[in-house]
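Order of the sequence lines fixes the chain letters, A, B, ..., with proteins taken first and strands second; residue numbering starts at 1 for each chain. FYI, side chains are in, hydrogens and waters are out, and symmetry mates aren't considered; it's all heavy atoms of this structure.
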Protein chains: 2
Amino acid sequence: MSRCPFASRRGFFGLISSLAPLLLVRQAGAKAGDGESSGTALLPPSDPLRGREDFYGPLQGGILPPPQRHTCFAVFDVTTHDRAALIALLRRWTEAAARLCEGAPLASPAGPGPSVESGEALGLGPARLTLTFGFGPTLFEKEGRDRFGLAAQRPASLAPLPRFPGDQFLEGHEDGDLSVQASADDPQVAFHAVRALARLGGKDAALRWLQNGFLPATQPGETPRNLMGFKDGTNNPRAPEEIRAHVLVGEEGPAWLQGGSILVVRRIRIALEHWDQMPVAVQEQVIGRRKLSGAPLNGAAEFDPVDLAARDANGDPVIPEDAHIRLAAPAAARGLRMLRRSYAYHDGANVIAERWPPWRQGLEYDAGLLFLAYQRDPRRAFTPLFAKMARIDALSQFTTHTATGVFAIPPGIPGPGHFIGERLFV
Amino acid sequence: MSRCPFASRRGFFGLISSLAPLLLVRQAGAKAGDGESSGTALLPPSDPLRGREDFYGPLQGGILPPPQRHTCFAVFDVTTHDRAALIALLRRWTEAAARLCEGAPLASPAGPGPSVESGEALGLGPARLTLTFGFGPTLFEKEGRDRFGLAAQRPASLAPLPRFPGDQFLEGHEDGDLSVQASADDPQVAFHAVRALARLGGKDAALRWLQNGFLPATQPGETPRNLMGFKDGTNNPRAPEEIRAHVLVGEEGPAWLQGGSILVVRRIRIALEHWDQMPVAVQEQVIGRRKLSGAPLNGAAEFDPVDLAARDANGDPVIPEDAHIRLAAPAAARGLRMLRRSYAYHDGANVIAERWPPWRQGLEYDAGLLFLAYQRDPRRAFTPLFAKMARIDALSQFTTHTATGVFAIPPGIPGPGHFIGERLFV
């Protein structure tokens, strides 16, 4: 197989069929590192930090591998006005990312001068680091300006999300030109990567917002529980044909994005104090699943099919009309699905003073979900789905969306010498 | 050996000598779980989340075991005015803590009513959870009031720390009545424990501030690197006689605290963007150690003794007069030392607008160190040490202390039926 799938003339569907075996291998689990790269030399053979995910390949690394334990999601504004400087930035980032994903230092952290290598991840290994880059709508056009001669290349599917009822975004936590998601099994490895790329951004890119996340150490094959105590992610698309149909941009997209995806990110604060006061039976009605087993209310086990038509003896729906899984079900978005790769977040606690009954004053956790969903076209997945949810989902009374972004995720980097999104600049 | 060391008449030194073998065993590493408790039943035998730290014992769990990967440090205000309600709160917390450290759910997270078990840690195992409780100065006396009849029992060593040059505390991030530190190898297990205790606090305790932290996955016996890229913790006291001399409160303290300790906590923001611009050689002069090896500037290897008297060919000190390790050296605090169990923290990024050259505006990481140090008496350890550091330590130009606290850490809980700090209420 050619190292560069884009060089072939097989087009999108040829690419996707060559992808299928890769998808299957990836889903079977991460590769163990070979211990040959300088960053892993000190690690014993069994160490999980030796795990390595391929940086080069038809897809970027953050989409299909088993989710890592930690993520650091960063959004940058491009501060240069020069197209060549933007390309140079993307080249610097791509080259550094390839080294970082090997667990290799960017330079020697010694000597008399400053070093681009800050050193805090030395000896930690690759820790399955993946770096996933995205291009926001404003990279193409901002306040009516075609900043880099890219405006004609923006797919219609890549537009800022509409405002939804209840959105309360933190200052600056909206959109942005470039996204970088560093995910790794070690939080210091993930932050190190973002910090290195921010430094390499120099005067051409400025950090806009940043959010960390984590996942519990779930056993392989088990669905992790979110901070609400419920299993989350049960109905994710998994099979290659599902990924192709629902996650990857097809021939409907511009050539540079075909085989890539579109990422929707939302920082969702959850009123855990309020949630925890609810009877478990009410929580289960809100979600539409049992808390302990994860089974849909119409079934007995986690992976039993969700039956939205099921009725109880009184003729009422078993899964309530406003239950989260009903509104999130593929049927609710005309069969379209998203690949959710969300993380929990916990940033401590905020002082609150409510102006409505019961006029509480005190601290509330600044914790919840860093929602991350890859999809083929948000206009046919996240947007209609969430427009409905924001109005009638029973879960919405416990959640507040505090950051938003949508980013085109170009296909992967085929090999050394290439850079992220390069087909956009042809 | 009696399950209750306090029931014996051997007094403090008898207690400490019976502690010595325990100290050695604890330092050798965590025990593997036996898989018998309900929380670990699903975990394979090799899973690190099966690791369990004893909840009962002469010391609280957060002091001696090998540091866990994650911590959630919470400070509470006691909102009741009733001594009996305070005692009941400490009993509730102690009983729940014993279960949490076994990885056992607090209750069934099912059924029609609310549950004290929020469920997000189900199936995750104990993950080496330790819960460490502390009593702040204001528990004993606040604004001149002897709130619970405890004022006479406050040791002189437990007083709010003085203000140091450069302190810039966040709103509410000072002192507090009670501290709870949950440390575990899984962040969701640590947060679950704090969240459970906050719920059990009910109307008697209100969260005041909260800070998460993490450590990189360092190999056993290796010193972790902090976010500045330097090894941190090399010169910690380790031997039982050092712990006894420098960390545990002796007969100079009130009976209820003998065999316990005093914890100083500081949230220290580090100007990483600024630090990363420094030449490595300058960073090494600031710290007094080599970045790569961790060796003191007078030596070749990490554990080479620090020689503050060493001079170079010009007669200048090899370790600069304002180097961090010189000011932190035991000699600088008249031989007294602290057991540092600090964590890195990373809460995203803050908007800044500097009013001085170079008039920067933008984001800066809200990241740094959650400094946690156990000591026998802060008046003879942290306070004089940091008073000097805040004025002349070269490192201080990169750091800002944004939260502060000092808490008496009562001895451990000898067994079921007892509660934390009970000798205070005799």
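Contact count versus chain B (heavy atoms, under 4.5 Å) is highest, among A:Ala349, A:Gly111, A:Ala367, for A:Gly111. Counting heavy-atom pairs closer than 4.5 Å to chain A, the top residue among B:Gly113, B:Gly172, B:Ser108 is B:Gly113. Of the listed residues (A:Gly348, A:Pro224, A:Pro114, A:Ala121), the greatest number of heavy-atom pairs within a distance under 4.5 Å of chain B belongs to A:Pro114. When each of B:Pro187, B:Cys72, B:Ser115 is checked for heavy-atom pairs under 4.5 Å with chain A, B:Pro187 comes out on top. Considering only heavy-atom pairs separated by less than 4.5 Å from chain A, the leading option among B:Met278, B:Gln277, B:His346 is B:His346.
Within the 4.5 Å cutoff, no side-chain heavy atoms of B:Gln283 are placed close to those of A:Pro109. By the 4.5 Å heavy-atom criterion applied to side chains, A:Arg195 and B:Leu227 are counted as neighbours. Within the 4.5 Å cutoff, no side-chain heavy atoms of A:Val280 are placed close to those of B:Pro112. B:Asn226 has its side chain out of reach of A:Glu120: every pair of non-hydrogen atoms, C-beta onward, lies at least 4.5 Å apart. Between A:Asp186 and B:Arg69, some side-chain heavy-atom pair lies under the 4.5 Å cut-off.
Looking at B:Asn212, its side chain never comes within 3.5 Å of a backbone N or O of A:Asp347 through a donor-acceptor pair. In this structure, the side chain of B:Gln188 engages the main chain of A:Arg225 through a donor-acceptor pair within 3.5 Å. A:Asp276 places no side-chain N or O within donor-acceptor distance of the main-chain N or O of B:Ser118, the cut-off being under 3.5 Å.
Taking the six-membered ring for Trp, A:His70 and B:His70 have ring centres closer than 6.0 Å. Annotation: B:Tyr365 is in aromatic contact with A:Phe191 [ring centroid separation under 6.0 Å].
For the residue pair B:Thr218 and A:Leu124, the shortest heavy atom distance occurs at N-CD2, 4.5 Å.
The contact list for residues 198-210 of chain A toward chain B, using heavy atoms and a distance under 4.5 Å, reads A:Ala198, A:Arg199, A:Leu207, A:Arg208, A:Trp209, A:Leu210 by residue number.
Only the side chain of A:Glu171 comes within contact range of chain B, with heavy atoms under 4.5 Å apart.
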